[in-house]
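All ligand and atom numbering here is 1-based and tracks the order in the structure.
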Amino acid sequence: MDALVSLCKRRGFIFPSSDIYGGLNGFFDYGPLGVEMKNNIKQAWWRDFVQRRDDMVGLDSSIIHHPTTWKASGHVDNFTDPLVDCKVSKQRYRADQLFWAAINVETDEPMSLALTGLESHPIGAGKFGTVIGYVSALESDRTNEELQEKAELLKRKKGIRGTLRPLVITDFTYASERDIPLIPSPATGEPGSLTPPRSFNMMFQTYIGALRDDSAVAYLRPETAQGIFINFKNVLDTGRVKVPFGIAQTGKAFRNEINPRNFTFRSREFEQMEIEYFIAPDADWQKCHRDWIDSAVTWLESIGVPRTDLSEYAHPKEKLSHYSKGTVDLMFKFPFGVQELWGFAARGDFDLTQHQQFSGKSMEYFDEVAKKKYVPHVIEPSVGVDRIFLAALCAAYTEDEAPDEKGKLEKRTVLRLSPRLAPVKVAVLPLVKNKPELVAMAEQLHARLQRKYVVFYDQSGAIGRRYRRQDEIGTPWCVTVDFDSLTNGTFTLRERDSMKQERIDEKALFALLDERLY
Ligand code: GAP
């Protein structure tokens, strides 16, 4: 991750927001290359899931909705995370991301209370068990190892003999009133400063108009989905759609995350690409749900996120909201662990029914085939643009070796991005900059390519170094205008991943780009 974060800043993909003022936790700015790549992700998604399907239409709703929207959706009452404060360090944690365990040691004799602070108790077979302290760690891909190491260290430090019993690791939402004062804060390593978890609403609040009272309260949307539900009737009334059909929307969402982390993975301002796919109440929702997951996997593969880095996590039935029939998360193997990339929820008719109740407007659909009215049910594939961006970068980042001008192998950083996502599609490089005809030819080619594609022109430095600069930002092709170009009108086409070079003329170059980029 460190190498990737540094590349992102160095080459203008992603900057910390408000960098000159020391940054703002959980907010990011996309630089010149980042904005191109982000737009490419959104365009590829829109083209493949909206424009290339007959059963999908798009929407772009406002970010701020009538506040009743969030009452109806349940966000005002339930969009909360359990928050834990450390009173000493003033750090805040999400209780479900803070893990702890009691350190239990097995001995032949009871241990002295002075040493442990807690009573030994018989555990059978003439043995005694004693809790000698507690350990805590934040969620990461090595939480369990970290807790184990901390437990062994504490046992050694206290000079306690006996066998460490296997740790029973749980998150802080399961800590009892008795445990809480004994669990050390991850910030200080000392117990006694963590508060019991309390609910914290993650919506960003603002005010509409000049008044600053309760009647003016509004929220920055925490998801784009509700904008779709509140426009369901409007879209239906345009007459273009028939169940089953879907409405898609991309746009910013805002969540006051307690613990933004892992670069852009969990941010406070991010972009979502969401679909609400409406089906009849008696339709085979499981098949529809499965089809959406499968299409997402195929699509991810088409933009360079390999199937082998993906897995599925089905939410356990007992953790689902009462209205949900099933939720599956598509997980990606990020460098910081396997984490959610894309969620697929079968939400029944909950949202439309809630809006029907709160607005007093009917959300029913008349099915002309079945000759009946119903409130449609919904399958919701929902993904963050920033997460796709990060997954695509992680999958693409490679370090290998390439020969320099003298044939000596040197380290090469290469982003093996799919051509559709690559911020720059092709680089035009005149072999030398002191041959006016050659430079003129390269400039003209650059201008013609630029009318259709994002192209980079670079004439400074050795050609090998210029290739390397393009490899690092994921440019799939470099076209070198050389001396042969002046005589036969062909160029050297160099492919990023294989580094293979071949001659190509302008017509074939345009044909190649058209085929690979759309
Ligand atoms: N409408 C359903 C919904 O919003 P979610 O699981 O909360 O569901 C959907 O979010 C997707 O949005 C996630 O799978 C993830 O890709 C992205 N996402 C959610 N919270 C995010 C955050 N704080 N930062 C970046 N992306 C986030």
Side-chain angles (χ1 to χ4, degrees), residues 14 17 24-28 30 38 41-42 45 59 61 63 65 69-70 72-75 78-81 94 96-97 139 200-204 219-230 246-277 289 292-293 296-297 299-300 305 310-315 319-321 323-324 326-332 334 336 338-348 350-352 354-355 378-394:
I14 302 176
S17 171
L24 191 59
N25 196 10
F27 297 89
F28 294 91
Y30 285 76
K38 203 177 186 206
I41 293 173
K42 289 187 279 184
W45 184 87
L59 179 80
S61 74
I63 286 178
H65 306 328
T69 308
W70 306 110
S73 66
H75 283 79
N78 302 319
F79 195 58
T80 55
D81 266 346
R94 245 175 74 174
D96 55 346
Q97 292 171 355
E139 186 184 57
F200 167 77
N201 194 298
M202 289 197 291
M203 281 198 291
F204 277 101
Y219 305 96
L220 303 189
R221 67 180 174 200
E223 60 171 22
T224 58
Q226 295 306 320
I228 299 181
F229 291 120
I230 59 176
I247 306 179
Q249 162 153 252
T250 70
K252 290 269 186 177
F254 305 83
R255 294 184 190 178
N256 201 355
E257 296 281 354
I258 294 170
N259 187 14
R261 68 213 169 106
N262 292 330
F263 198 29
T264 56
F265 178 81
R266 192 174 297 290
S267 1
R268 288 180 165 139
E269 176 178 336
F270 54 99
E271 249 179 301
Q272 285 188 314
M273 305 191 287
E274 295 200 289
I275 291 170
E276 302 302 333
Y277 196 78
H289 193 231
W292 274 108
I293 301 171
V297 172
W299 184 77
L300 285 169
V305 179
L310 299 170
S311 53
E312 287 179 25
Y313 169 74
H315 289 219
K319 289 214 168 169
L320 293 175
S321 332
Y323 53 82
S324 175
T327 299
V328 170
D329 291 339
L330 205 50
M331 314 290 280
F332 176 75
F334 287 98
F336 43 83
V338 173
Q339 297 280 345
E340 177 186 341
L341 177 61
W342 200 323
F344 300 82
R347 299 177 62 91
F350 172 76
D351 302 87
L352 286 183
Q354 285 292 103
H355 288 302
V378 77
I379 303 289
E380 179 192 70
S382 166
V383 67
V385 181
D386 313 76
R387 279 202 194 166
I388 300 248
F389 191 112
L390 191 57
L393 274 188
C394 292

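- Nearest protein neighbour of atom 15 (C) of ligand 1, counting heavy atoms only, is Arg387 NH1, 3.4 Å.
- Every atom of ligand 1 is numbered from 1 in the order shown, and the set under 4.0 Å from a heavy atom of Leu341 is 14 (O), 15 (C), 16 (O).
- Paired with Phe28 under the rule ring pair (Phe, Tyr, Trp, His ring centres under 6.0 Å), one option of Phe263, Phe270, Phe389 passes, and it is Phe263.
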Check step by step if side-chain contact (heavy atoms from CB on, under 4.5 Å) holds for Arg266 and Asn259. CA-CA 8 Å; Arg266 192 174 297 290; Asn259 187 14; 5.8 Å; no

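- No donor-acceptor contact under 3.5 angstrom links the side chains of Ser382 and Glu223, judged on distance only.
- Residue contacts with ligand 1, taken as heavy atom pairs separated by less than 4.0 Å, involve Arg266 via backbone and side-chain atoms alike.
- Under a 3.5 Å cut-off, the side chain of Asn256 and the backbone N or O of Arg268 do not form any donor-acceptor pair.
- Polar contact check, Glu380 against ligand 1: a nitrogen or oxygen pair lies under 3.5 Å apart.
- With hydrogens and angles disregarded, no donor-acceptor distance shorter than 3.5 Å links the side chain of Arg221 to the backbone of Ala253.
- In the candidate list Phe270, Phe332, Phe389, Phe270 is nearest to atom 26 (N) of ligand 1, counting heavy atoms.
- Within the listing of ligand 1, atoms 1 (N), 2 (C), 3 (C), 4 (O) sit less than 4.0 angstrom from a heavy atom of Glu274.
- Asp386 does not count as a contact of ligand 1, since none of its heavy atoms falls under 4.0 Å from the ligand.
- Remark: Phe336 pairs with Phe265, Phe334 by the ring-ring contact (aromatic ring centres under 6.0 Å, His included) rule, at least two apart or across chains.
- Of all protein heavy atoms, the one closest to atom 7 (O) of ligand 1 is Arg255 NH1, 2.8 Å.
- Of all the atoms in ligand 1, the ones that sit under 4.0 Å from a non-hydrogen atom of Gly343 are 14 (O).
- Protein heavy atom nearest atom 24 (N) of ligand 1, with residue, atom name and distance: Ser267 N, 3.0 Å.
- Within the listing of ligand 1, atoms 23 (N) sit less than 4.0 angstrom from a heavy atom of Glu257.
- Numbered from 1 in the order shown, with element, the atoms of ligand 1 that lie under 4.0 Å from a heavy atom of Glu340 read 6 (O), 13 (C), 14 (O).
- Residue Phe265 places at least one N or O, backbone or side chain, under 3.5 Å from an N or O of ligand 1.
- When heavy-atom distances to ligand 1 are checked against a 4.0 Å cut-off, Ala225 comes that close only through its side chain, counted from C-beta outward.
- Among protein heavy atoms, atom 12 (O) of ligand 1 sits closest to Gln272 NE2, 3.3 Å.
- With sequence neighbours left out, Arg261 forms a salt bridge (charged side-chain N to carboxylate O under 4.0 Å, His left out) with Glu139.
- The aromatic rings of Phe27 and Phe204 sit tilted relative to each other, their planes meeting at an angle between 30° and 60°.
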From CA spacing to verdict: side-chain contact (heavy atoms from CB on, under 4.5 Å), His355, Thr69: CA-CA 7 Å; His355 288 302; Thr69 308; 3.8 Å; yes

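- Ranking the protein heavy atoms by distance from atom 9 (C) of ligand 1 puts Ser382 OG, 2.9 Å first.
- Using cut-offs of 30° and 60° for the angle between ring planes, the His289 and Phe344 rings count as perpendicular.
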